[in-house]
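Here the structure is a predicted model, which is why all the values come from computation and not from measurement. Here, residue 1 is the first one in the sequence, and each next residue gets the next number.
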Amino acid sequence: IDTPAAGFWLDTSIGKANSRKQFILIQPEKDGRLSATVSNTYQDYDYLEWMKDFKDKGSEEAYIRSIIVNTRDAKVQDCKLTIEKDKLRALEVRKVDLTDTEYVQDLGDETLINPFLFSDIVNPFKDEVRRYPIDFVYPRNRSITVSIKIPENYSLRKVPEPFLISPENGGARFSYRASLNNNILTIVCHLKIEKQIFAPEEYIPLRRLFIEATRKMSEPIQIDKRT
């Protein structure tokens, strides 16, 4: 692998995957606005894809500037990077103002929160049928942990229901669970694609997994203002 400073060898042995871990902390500021700290850890093959984008920007300063300037769906106030080339890992931490964004809707007596900022879990399968195999190139792992600190003058309407889906023949899995403790709502999501190639007859259940996963993640978190 070539980098601006030097090159290094990539171990392509079994066990490597396209892996990303995301930690999202949403909390109220002193003025009542909601802000978020989003930590993305890119690992293994996901790190290599991220590094391509990083190198295209030319420098760390240019990359951070592009994140702050080009993020359209939220107001990124700051971005910090930690790169560990020997471990094929990069940590990116963004500080985000959620005011007047699609992630927070203030409806007066209630507020709707979409906590999954900058998630790449989307449904890539738009066609209802497919006649050729699906090749993910390598296994994929996505782990998202969300912590929402409920403001003092608000209450959570309900804890989201848990959800789990996996095709009958296996090879992929999505899970979602939530808990409330000390007025902090914690949501943990996992998406795991264990196989590289899926046969055409596996397409429909695999497509359904992504449809249901994105549907579950799109459910807003509702908090109500106390009267």
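Side-chain contact of Tyr63 with Asp53: a donor-acceptor pair under 3.5 Å is absent, judged by distance alone. Judged by distance alone, the side chains of Asn18 and Arg142 do bring a donor and an acceptor atom under 3.5 Å apart. In this structure, a donor-acceptor pair under 3.5 Å is absent between the side chains of Glu219 and Tyr176.
Take Phe163 and apply the ring-ring contact (aromatic ring centres under 6.0 Å, His included) test, not counting sequence neighbours, and it matches no residue.
Within the 4.5 Å cutoff, no side-chain heavy atoms of Asn114 are placed close to those of Pro220.
Judged as a salt bridge (charged side-chain N to carboxylate O under 4.0 Å, His left out), not a single pair has a partner in residues 174-185 (not counting sequence neighbours).
Remark: Arg131 CZ is loosely packed, at most 12 non-hydrogen atoms of other residues, nucleotides or ligands lying under 6.0 Å away.
A ring-centre distance under 6.0 Å is not found for Phe210 and Phe174.
Remark: side-chain polar atoms of Asp46 are not paired, donor with acceptor, to backbone N or O of Tyr42 under 3.5 angstrom. A side-chain donor-acceptor contact under 3.5 Å links Lys216 to the backbone of Glu161. Side chain of Thr214 to main chain of Ile211: a donor-acceptor pair is present (N/O by atom type, distance under 3.5 Å, no hydrogens or angles).
At least one cation-pi condition fails for Arg130 and Phe125: the charged atom is not both under 6.0 angstrom from the six-membered ring centre and inside a 45 degree cone around its axis.
Hydrophobic clustering (ILVMFWY, side-chain heavy atoms < 4.5 Å, transitive): Phe116 and Leu209 are in one cluster.
For the side chain to side chain contact (heavy atoms under 4.5 Å, CB included) criterion with Ile221, the lone passing option out of Thr111, Val104, Ile150, Ile187 is Ile187.
The existence of a salt bridge linking Lys52 and Asp56 is excluded, since no basic side-chain nitrogen approaches an acidic carboxylate oxygen closer than 4.0 Å.
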